[in-house]
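Lettering of chains follows the sequences in order, A, B, ..., and the numbering in each one begins at 1.
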Amino acid sequence: MIKTILKIARFSKDGKLLEQREQESRSWLLQFIQLFYLQSWGAGSGGSLANVRDILNTLRTVKFGNSFVGGADFFLMAESTPGNTSIYLANYAWSNNPTGGFPQRGEDIGIVVGTDGGGVTPTSYKMGNKVNHGEGAGTLLYGGCELYGLTFGGSNGEFTIRRYFTNVAGGSIAVVEAGIYTMAVEVSTGYIFCIARDVFAAVTVHNGEILSVTYTPQITV
Amino acid sequence: MTTKIGLSKDLKVIKDEEIKHLLEPGELGAILEWTVFDPKTGKVTEHRVMKSKSYVQQFLQLLYMKMAVLIPAITISIRDTSNALKNVSCAVYEFDVLAGATSVLYGIIIGTGTSAPLINNYKIETIIPHATMNYGAVTFGLPTADETTSQFTVTRNFSNVSGFSVTVNEIALYCRALNSTTYFMIIRDVTGGIVVPNGQTLTVNYRPQAVV
């Protein structure tokens, strides 16, 4: 069984911890199960899976085998570049689109945050109201999304997915939702899918402050 | 004359709609379900459903590799089912369990071992070979969701052709990753003993689920 711990922390601009919350993540979504299904079934069958809903509320037919490095697919990818930096490098060995790959902005892959605390169901397909990367009002600077800390001890194992968000917008933002976005490919175009989403009591990030969001999947035997 | 009827195990059949509630909200896991039946009569002699308790180390390592998109230059060392450490990065094969009939290399695997699962188990304790229990092809049920749960199903049939009863004490899920000939165990469960009489068939379902 896998439990996932969600931690939300707020820091001053000089790194002092101001506030920290921890709760069990409640919400791995249907899109996670669909993309995991495709990974479990698709490599042997070379098939595709219809009716995977992207964050634009469009049903996509996600095909296995739109490969990049070593023939792998993107399903479940959560590591990401900062902000609006393109996540993919030109020298990756794209098999289906060698001229450009499937470039996406860093802020659209990995942990994302938002301001809509509406409830979550398995078929939720996007953040209620995603806070975009930026410096203007209502935005946060998205750092890179990193995975680290794969460790095992006793009968337990875990790793952590983390992203920092910096408020340089001049005002305050009340963050009440976090989630994980990933990418998969229909034909030769990459689309974004929401694989996890959680809501929590508001954490107000004031101008100059830094928000940290971590997801830690854990197994216990 | 008195007729003695042997008391069988206390069987409890759980309806499909009840399966969805074995996991707690927020849990990501799998349901393990098995049925023993006589293919000649269709009679079911055992049907049980339980939480799959034991995702092992290799599962978390492969999930990490997948979510971090490790490229060939940045590998992770994972122990395969032959007890060899392999340097694994993202590849075509990552969680592939779509094994064909007769394959005991991946897909759902059964055994007779009774040792409690440990997080560092890398293979089933004592595998039951094909031709003792004939391994069918792995099949899949498509992903679905209701108001709380999303899931899909991985299924395999095992036919007892040994001439004797076989007791299945452990069930595991092996996947292909890295390449088409490298296999990793990602789940191992101990069942408490499933008696499959000669000529009968064991059907095993793993249902990966997420509950909100």
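- Between Ser155(A) and Ile119(B), the shortest heavy-atom distance links the atoms O-CD1, 3.4 Å.
- In this structure, no portion of Leu38(A) lies under 4.5 Å from any heavy atom of chain B.
- With a threshold of 4.5 angstrom between heavy atoms, Asn156(A) approaches chain B through N, CA, C or O but not through any side-chain atom.
- Within 6.0 Å of NZ in Lys53(B) there are 12 or fewer heavy atoms belonging to other residues, nucleotides or ligands.
- Contact check for Trp41(A) versus Val138(B): no side-chain heavy atoms found under the 4.5 Å cut-off.
- Within a 6.0 Å radius of NZ in Lys51(B), other residues, nucleotides and ligands contribute more than 12 heavy atoms.
- Heavy atoms of Leu60(B) lying under 4.5 Å from chain A belong to its backbone as well as its side chain.
- Listed here is the closest heavy atom pair of Met67(B) and Leu147(A): CB-CD2, 3.5 Å.
- Looking at Ser27(A), both its backbone and its side chain come within 4.5 Å of chain B, counting heavy atoms on both sides.
- Below 4.5 Å, heavy atoms of chain A meet no heavy atom from residues 123-130 of chain B.
- Val212(B) and Val120(A) make their closest contact through CG2-O, 4.0 Å (heavy atoms, listed as atom of the first residue, atom of the second, distance).
- When all heavy atoms of Thr123(A) and Ala145(B) are compared, the pair lying nearest together is CG2-CB, 4.1 Å.
- Counting heavy-atom pairs under 4.5 Å between each of Gln34(A), Lys3(A), Arg26(A) and chain B puts Arg26(A) at the top.
- Taking Tyr148(A), Tyr37(A), Trp28(A) one by one and counting their heavy-atom pairs under 4.5 Å with chain B, the maximum is reached by Tyr37(A).
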I would like to know whether Lys66(B) and Met77(A) meet side chain to side chain contact (heavy atoms under 4.5 Å, CB included); could you show each step before the answer?
CA-CA 6 Å; Lys66(B) 186 68 186 162; Met77(A) 166 180 57; over 6 Å; no
Decide side chain to side chain contact (heavy atoms under 4.5 Å, CB included) for Phe159(A) and Leu63(B); before the verdict, give the C-alpha distance in whole Å, the side-chain angles of both, and the deciding distance to 0.1 Å.
CA-CA 10 Å; Phe159(A) 65 83; Leu63(B) 184 64; 4.2 Å; yes
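- Contacts with chain B were tallied for Asp198(A), Thr121(A), Leu150(A); Leu150(A) has the most, counting heavy-atom pairs under 4.5 Å.
- Using a 30° and 60° split on the angle between ring planes, Phe36(A) and Phe152(B) fall in the tilted class, from 30° to 60°.
- Neither the backbone nor the side chain of Thr182(A) has a heavy atom closer than 4.5 Å to any heavy atom of chain B.
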